[in-house]
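Take a look at the structure below.
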Amino acid sequence: MLSAGMGGLGLSWARYAEATAAAPAASLPMVPREVAPRCWYVEGLSALGSPANQNFISNAGFVVTPEGVVVIDALGSPALARRLLAEIARITSQKVTHVVLTHYHADHVYGLQVFEEAGARIIAHRAGREYLYADTAQLRLQASREQLAPWIDAQTRLVAATEWIDGRRELVVGGTRLIVQPVGPAHTPEDLAVFVPDTRVLYAGDLVFRSRIPFVGQADSRNWIASLDTLLAFGATVVVPGHGPASTEAAQDMKLTRDYLAYLRKTMGDAARDMTPFDEAYKSADWSAFENLPLFGAANRMNAYNTYLLMEREAP
C-alpha cells in the first residue's frame, strides 16, 4: 500500500496557480464537474486533436483529499494541464501529490511535464515503458509539434513515471483510498483504471468511450472486451470514461464499447477467415448501429482495418 504526505513537492502550487490565472482566458471552456463528493473530472471535446482545440479531446479526473489531490491523466498539452491546475486551485488549496496515467496516448500525457514540474508523483503501468522509449513515441511527438503547434512545441516532452507498477495497488492520500487496477492489455498494453471505493466512482480511461466511436488502434480487442467485465465487477455507481460524459449507468454505457468491438471482431474475423479482401468486407458490413456516432467517419475504417489484421493474426 502506498501512502502520501505533503512533502517532496518541487515548484510551488501557488506559483502555478498564480501564473495560470494571469494568463489570457482560453476560448475553450474547461468546467470541472463533481460526480460524487470530492471526485471531479473535466471533459474533452468529441473531436480530433487540432490547434483550434489545443488537443483538448480527452478527459482528466481528480480526487480531492485533506492532504492532497490525485489527478487521473494529464490532458493533451502543457497549456491544458496548466489550466487544469488552475481549476483545481479554485476548488482546493491542496497540492496535486499524484498523477495516475491510465495509458500513454498523446491526448492523455502531453500535459504531464507540468505536473512533474509541480512535484507530483507519477504512477503508470510498467508496460508503458516499451512505448515511451520506442521510436514510435518520439515520431508521434515530432508530428504533434507540427500538427498541434503552438500548443505542442519544442519544449513539450515525454515524461516517465516516478513509479512503474505491474499489479494492483492501493494509494491512500489524506485517508482516501484509491484502487489502481491494471486492466490491459486492452486499449493499450499499459491500461490502468482507478476506483474510489468510498464514493464508488470509477475512472476507466480509454476502456470506455461514451457518445463517440472508440479509437481501436493496435488494441487487443479480445482482452478489451474481457477487461470491461473486470470494470463492471467494481460495482461503480459512476464511471468517468476516457472520452465523453460521466455515466451513472455503467453496464449500459460500457455496452456501446463492447458491442462495437464485438461487431468489429465478428465482421472482420469472418472476412479474414474467408480470405475476403478488406475493401469488400468493409463495404458489405452493416455499420448502421454506429454510423451516427461522433468520429465515425474519422475512425471507423481505420478501426476495421486494424481489426482485420488482428483477426488474421489470431486465426488458427
What distance separates Lys95 NZ from Phe115 CZ, expressed to the nearest 0.5 Å? 15.0 Å
Between [Y] and [X], do the side chains contain a donor N or O and an acceptor N or O under 3.5 Å apart?
{"X": "Asn303", "Y": "Tyr260", "result": "yes"}
{"X": "His108", "Y": "Asp206", "result": "yes"}
{"X": "Ser77", "Y": "Asn55", "result": "no"}
{"X": "Tyr305", "Y": "Asn300", "result": "no"}

Taken in chain and number order and not counting sequence neighbours, the residues that satisfy salt bridge (charged side-chain N to carboxylate O under 4.0 Å, His left out) with Arg212 are none
Which residues pass the salt bridge (charged side-chain N to carboxylate O under 4.0 Å, His left out) test with Asp270, sequence neighbours left out? Lys266, Arg273
Enumerate, atom names and distances included, each donor-acceptor pair closer than 3.5 Å involving a side-chain atom of residues 39-47, sequence neighbours excluded.
unit_1 : atom_1 : unit_2 : atom_2 : d
Tyr41  : OH     : Glu43  : OE1    : 3.4
Tyr41  : OH     : Ala246 : N      : 3.0

Would a hydrophobic clustering, with Ile, Leu, Val, Met, Phe, Trp and Tyr connected at side-chain separations under 4.5 Å, put Ile57 with Phe296? no
Filter on salt bridge (Lys or Arg N to Asp or Glu O under 4.0 Å), then keep only pairs touching residues 295-306, sequence neighbours left out; what's left? Asp279-Arg301
Taking the basic N atoms (NZ, or NE/NH1/NH2) and the acidic carboxylate oxygens, is any pair closer than 4.0 Å for Asp153 and Arg145? no
Can you give the donor-acceptor pairs under 3.5 Å from side chains of residues 122-132 to other protein atoms, not counting sequence neighbours?
unit_1 : atom_1 : unit_2 : atom_2 : d
His125 : ND1    : Ala127 : N      : 2.9
Arg126 : NH2    : Trp164 : O      : 3.4

Would you say the ring centroid of Trp287 lies under 6.0 angstrom from that of Tyr282? yes
Which donor-acceptor pairs under 3.5 Å do the side chains of residues 308-316 make with protein atoms, sequence neighbours left out?
unit_1 : atom_1 : unit_2 : atom_2 : d
Tyr308 : OH     : Thr276 : O      : 2.6
Glu314 : OE1    : Arg265 : NH2    : 2.7
Glu314 : OE2    : Arg265 : NH1    : 3.2

